[in-house]
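As the structure lists them, so they are numbered: ligands from 1, and atoms in each ligand from 1.
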Amino acid sequence: MAEIDSTGDRTLVPAGWTYAPAPESREVVELRGRYGLYVGGEWLEPSETYETISPANEEALAAVGQATPAEVGKAVAAARDAFANGWSALPGSERAKYLFRIARLLQERAREFAVLESLNGGKPIKESRDVDIPLAAAHFFYYAGWADKLEYAFPNRKPRPVGVAGQVIPWNFPLLMLAWKIAPALAAGNTVVLKPAETTPLTALLFCDVIRQAELPPGVVNIVTGDGRTGAALVEHEGVDKIAFTGSTEVGKAIQRRLAGSGKKLTLELGGKAANIVFDDCALDQAVEGIVNGIYFNQGHVCCAGSRLFVQESIYEPVVDKLKRRLETLRVGDPLDKNTDVGAINSAMQLEKIRELVDSGREEGAEIYQPPCRLPEKGYWFAPTVFTNVAQSYRIAQEEIFGPVLSVLTFRTPDEAVEKANNTPYGLSAGVWTEKGSRILWMAQRLRAGVVWANTYNRFDPTSPFGGYKESGFGREGGLHGLEPYLRFDE
Ligand code: NDP
């Protein structure tokens with residue numbers, strides 16, 4: 001309990017709040033010791049397995065299949081069979097029923113999914129509970145609504161499904177990325193083979209249970225777990241008609257090279273180095289909250305994270321002061337504690353990458369600030385970090401860190417802000433903080449970013465298309481635009 005101080009004006013103020021532990025129970029999740037590959041509505045015993053762990057304490061959670069090219073081939077064959085023998089010919093209103101069922105089941109089992117997501121991925125339970133899982137369900141609801149309206153969505157263009165979609169997703173939003181990929185694909189009449197990231201396969205495997213409950217016909221959704229080799233086998237398989245990939249720019253480029261000339265459709269949602277731009281007429285406290293949400297949400301493992309903060313010079317000091325004070329109040333620790341703001345780094349490899357880039361920031365001359373916080377001894381952890389004195393040329397201002405690390409830069413005029421914000425190979429997202437609507441529109445027209453948030457950050461909605469420019473990839477997910485990559489048109 002906090003001690004109470006008397007301020008003299010009769011108000012009682014706590015001298016220092018401490019939070020009692022508020023752990024979410026793990027009991028709602030029933031882990032199997034070993035998981036197979038989900039192919040044609042059955043669990044296929046994998047020829048090889050690997051162990052998936054909890055990044056918060058390195059506890060082994062389960063053995064999971066490492067799908068070989070031959071096993072990927074079986075999944076593609078099951079998807080082809082389901083496509084040809086029923087699913088693609090099903091009326092849209094029937095497909096919609098399955099999608100609605102999946103959405104409802106995700107809602108019913110939301111707590112189970114949230115706990116498992118935090119356990120396997122390290123993200124705070126309040127994020128998986130309030131953001132990842134509700135948004136995943138919302139995506140299925142949203143695309144269920146489109147399934148019987150494709151003719152209206154694309155009038156006079158005779159939309160038809162593409163066929164078998166191969167989908168490769170990353171570890172930062174495992175179930176949400178699965179929903180972004182599977183919901184529009186099924187709504188459009190395709191079948192799917194999906195590969196979750198190596199480090200976070202468990203919610204995708206639990207999702208197989210949901211599609212069984214929803215009585216989705218066998219083979220419509222197949223899940224093959226494994227590392228990058230499994231992803232590569234899926235991308236290269238001749239029986240796949242369309243590839244949807246979310247992940248690093250490096251792997252995205254390799255996939256694009258691999259598919260050139262193959263006739264396969266491709267969408268790539270890759271990295272980012274977003275500018276969060278704060279003008280001197282903004283609501284300062286609100287902006288500071290937006291900066292914190294922009295970079296420390298999900299430990300900064302967010303492709304659209306506001307990792308470059310551009311502050312108008314006249315308000316540089318108050319912004320940095322407020323930001324540092326706010327950082328001291330962030331609670332870093334157990335992902336399953338309901339009070340935790342910043343959880344564990346997803347993997348040892350990612351932690352190493354963050355450390356390497358942070359070291360480079362120090363060496364290049366930037367000034368580092370980390371609030372005092374005690375990090376757990378086991379597991380993968382990194383304290384929320386702010387760099388000031390950053391030059392545009394520093395690696396921390398150029399490369400995607402994908403961790404809780406913010407680089408602060410300054411500008412004087414709107415033109416300079418645009419110039420600096422666009423000075424990156426990426427173009428996924430940006431944020432603008434100002435009280436002037438005209439300035440928001442002026443900036444949005446000039447920022448080369450797929451999404452521009454105004455006086456908010458990291459807002460997602462299934463109705464809103466998301467995707468990048470330049471090295472952040474191409475194609476859109478979400479909204480009406482998100483259906484197009486899963487359709488062919490007879491024009
Ligand atoms: P990757 O791009 O390697 O991973 C994304 C997905 O692609 C994973 O499922 C991965 O499998 C799979 N994959 C890996 N290699 C291949 C391949 N040759 N062919 C097909 N699929 C493949 O990202 P990492 O996990 O290695 O992260 C590295 C960096 O990428 C991060 O530090 C971050 O900067 C960035 N990143 C960006 C994301 C975004 O949303 N924009 C998401 C994730 C990472 P596996 O998990 O087994 O490696």
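Near Cys303, meaning under 4.0 Å from one of its heavy atoms, ligand 1 places the atoms 39 (C), 40 (O), 41 (N). For ligand 1 and Val168, the ligand atoms under 4.0 Å from any heavy atom of the residue are 6 (C), 7 (O), 9 (O), 12 (C), 21 (N). For ligand 1, the atoms sitting less than 4.0 Å from at least one non-hydrogen atom of Ile169 are 6 (C), 8 (C), 9 (O), numbered in the order shown with element in parentheses. Close contacts between ligand 1 and Lys353 involve ligand atoms 29 (C), 31 (C), 32 (O), 33 (C), 34 (O) [criterion: under 4.0 Å to a heavy atom]. Proximity to Gln350 (heavy-atom distance under 4.0 Å) selects the following atoms of ligand 1: 31 (C), 32 (O). Residue Gly271 has at least one heavy-atom neighbour below 4.0 Å for each of these atoms of ligand 1: 41 (N). Close approach of ligand 1 to Glu400 (heavy-atom distance below 4.0 Å) involves ligand atoms 33 (C), 34 (O), 35 (C), 37 (C). Each of the following atoms of ligand 1 lies closer than 4.0 Å to a heavy atom of Gly231: 19 (N), 20 (C), 21 (N).
In terms of protein heavy-atom proximity, atom 3 (O) of ligand 1 is nearest to Val251 CG2, 3.5 Å. With respect to atom 47 (O) of ligand 1, the closest heavy atom belonging to the protein is Asp227 CA, 2.8 Å. Here the heavy atom of the protein found nearest to atom 26 (O) of ligand 1 is Met349 CE, 4.4 Å. Here the heavy atom of the protein found nearest to atom 10 (C) of ligand 1 is Lys195 NZ, 4.0 Å. Protein heavy atom at the shortest distance from atom 43 (C) of ligand 1 is Pro170 CB, 3.4 Å. Among protein heavy atoms, atom 28 (C) of ligand 1 sits closest to Ser248 CB, 4.2 Å.
Annotation: side chain of Pro404 is in contact with side chain of Ile345 (closest heavy-atom distance under 4.5 Å). Under the 4.5 Å side-chain criterion, counting only non-hydrogen atoms from C-beta, Leu202 is not in contact with Leu119. In this structure, Asp132 and Leu175 have side chains that are not in contact, with every pair of non-hydrogen atoms separated by 4.5 Å or more. Using a 4.5 Å heavy-atom cutoff, the side chains of Gln256 and Phe474 are in contact. Contact of the Asn346 side chain with the Phe402 side chain is not registered, since no non-hydrogen atoms from C-beta on lie closer than 4.5 Å.
Aromatic ring centres of Phe140 and Phe207 lie closer together than 6.0 Å. Within the 6.0 Å centre-distance limit, the rings of Trp180 and Phe466 are counted as a close aromatic pair.
Distances between N or O atoms of Thr246 and those of ligand 1 include no value under 3.5 Å. The shortest N or O to N or O distance between Gly228 and ligand 1 is under 3.5 Å. The distance criterion of under 3.5 Å between nitrogen or oxygen atoms is met by Gly247 with respect to ligand 1. Between Leu270 and ligand 1, at least one pair of N/O atoms sits closer than 3.5 Å. At under 3.5 Å, a nitrogen or oxygen of Glu198, whether backbone or side chain, sits near a nitrogen or oxygen of ligand 1.
Counting protein heavy atoms under 4.0 angstrom from atom 45 (P) of ligand 1 gives one or more.
Taking CG from Asp359 and CZ from Arg395, the interatomic distance works out to 10.0 Å, rounded to the nearest 0.5 Å. To the nearest 0.5 Å, the span separating CZ on Arg32 from CG on Leu206 amounts to 8.5 Å. Atom CZ of Arg80 and atom NE2 of His237 lie 10.0 Å apart (nearest 0.5 Å).
At a threshold of 4.0 Å, the pair Arg26-Glu59 counts as salt-bridged, since one of the basic side-chain nitrogens sits closer than that to a carboxylate oxygen.
Side chains of Lys470 and Thr424: no donor on one and acceptor on the other come within 3.5 Å. For Thr230 and Gln66, the side-chain atoms include at least one donor-acceptor pair closer than 3.5 Å.
Not close to ligand 1: Gly272, with no non-hydrogen atom less than 4.0 angstrom away. Under a 4.0 Å heavy-atom criterion, Phe245 is in contact with ligand 1.
Cation-pi contact between Lys420 and Phe411: absent, since separation from the ring centre below 6.0 Å together with deviation from the ring axis within 45° is not met.
For atom 27 (O) of ligand 1, the nearest non-hydrogen atom from the set Tyr426, Phe402, Trp171, Phe173 comes from Trp171.
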